[in-house]
Amino acid sequence: MDAIKNSIPGNMFAIRQYEPDGKLVVETIPVPQPGRGEVLVKMAASPINPSDLALLKGGYMKRSYPFTPGLEGSGVVVDSGGGVMARLRKGKRVACTPNPEGDGTWAEFMLTSAMRTIPLPAAITQEQGAMTVVNPMTAMAFLHMAKTGKHLAVVNNAAASSLGKMLIRLCVDQKIPLINIVRNASHIKELKKLGATYVLNSQDKGFETELISLATELGATLFLDALSGPLTYQLLQAAPPRSTIVVYARLAGESMQINSGHLIRRDIKIVGFQLGNWLQTKGIFFKLAFIKGVKKQLGNALSSHINQTFSLEDVEKAIVHYTQNMSSGKVLLLIKQKE
Ligand SMILES: NC(=O)c1ccc[n+]([C@@H]2O[C@H](COP(=O)([O-])OP(=O)(O)OC[C@H]3O[C@@H](n4cnc5c(N)ncnc54)[C@H](OP(=O)(O)O)[C@@H]3O)[C@@H](O)[C@H]2O)c1
């Protein structure tokens, strides 16, 4: 193990951003030293997620500049700063997320709390393992909400996303009717192939009426909203009494539109969801069982299709490719250590 530690260089390559919406530059910076309870992860892979794009624009999460982006990834723990969990992680292949306000995964090494690492099952590749946290845990959180809230059916929009596809597989498995909303007819066939029974296109003329009648017929009372903006109004209009609308992203980039009359008369709740906040409301035993459940399904229902891989240096090209092909699968940065 010490041979691994001795092989850690003094400096590393990292992607850095100097201001909100600023250019991404590849820089050589010192490899950080883990403190107590922390580990140093030699990074292998990291996806580009919508949350990364929001972080790069600024204002999504607090960061002091310059900083290294990247909100999840995978690698091998090569050093620990001491403490039981950090020591136990040494030498393990892990999925990892950065410390709050800390530097991220788009670098050769990342320092993080041992609590923010999850050992990967042997059958899971570093590439797939890099996408363990953000979408799989959110999909499982939504399934948990559907089951504990005794919702007879669920509605999800931006449904051709990686997360949307995970939700389709989970709902098929659990026999929970799921109404999927996409904005592009070309996605319908693919989602049906995954097992989706109901796929509506928000661009179709009869969309609003169809959503209202399907939601009513199936008793859908959990509405998952990744778009916000004008579509929230349409969800609210279709939501039966005592429904919950869970707003988990703002892909539409516009302010949410709501009819307060619908909210009041039908006793509807609109709540925000952020995975980290949601997990914080849960106790340690729930979290351990939850992570175990996620790991069990990583290779199947919670797997992400990888559309294309890029090297760390090509991060700008990777972002362009990703933003132009979001529904085609994840774009992954593969992080090879420099000689
Ligand atoms: N709150 C949380 O804790 C949390 C956790 C995980 C994920 N999320 C959110 O969940 C969403 C899905 O994540 P992902 O990684 O699975 O995404 P992804 O695979 O990158 O796919 C994004 C999807 O959004 C669609 N889309 C983008 N802009 C749109 C718009 N203006 N109107 C309609 N559809 C639009 C795209 O469809 P087209 O092909 O039509 O462009 C694509 O299917 C993201 O918004 C992400 O931020 C939130």
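Counting starts at 1 for both ligands and their atoms, following the listed order. FYI, the numbering just counts along the sequence from 1.
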Exercise. Give me the other members of the hydrophobic cluster that Y198 sits in, counting Ile, Leu, Val, Met, Phe, Trp and Tyr linked by side-chain heavy atoms under 4.5 Å, directly or via other members.
Key: V155, I179, I181, L200, F207, L211, L214, L218, F223, L227, L231, L235, L236, I245, V247, L251, M256, I258, L263, I268, I270
Exercise. Find out if a path of hydrophobic residues (ILVMFWY) with successive side-chain heavy-atom gaps under 4.5 Å connects I176 to L163.
Key: yes
Self-check item: salt_bridge(K165, E190) N-O dist < 4.0 Å
Solution: yes
Practice problem: Go through the steps to decide whether D52 and Y60 satisfy the test side-chain hydrogen bond (donor to acceptor under 3.5 Å, both in side chains), and finish with yes or no. | Solution: CA-CA 9 Å; D52 292 305; Y60 171 61; over 6 Å; no
Quiz item: Any idea which residues sit under 4.0 Å from ligand 1, heavy-atom distances?
Solution: N49, P50, V134, N135, T138, A158, A160, S161, S162, L163, R183, H187, L227, Y248, A249, L251, A252, F273, Q274, L275, Y322, M326, S327, K330
Show me, pair by pair, the donor-acceptor contacts under 3.5 angstrom made by side chains of residues 294-307, not counting sequence neighbours?
from: K295; atom 1: NZ; to: P119; atom 2: O; distance (Å): 2.9
from: S303; atom 1: OG; to: N300; atom 2: O; distance (Å): 3.0
from: N307; atom 1: ND2; to: H321; atom 2: NE2; distance (Å): 3.2

Self-check item: Counterpart residues, ring-ring contact (aromatic ring centres under 6.0 Å, His included), relative to F290 (two or more places apart)
Solution: W278, F286
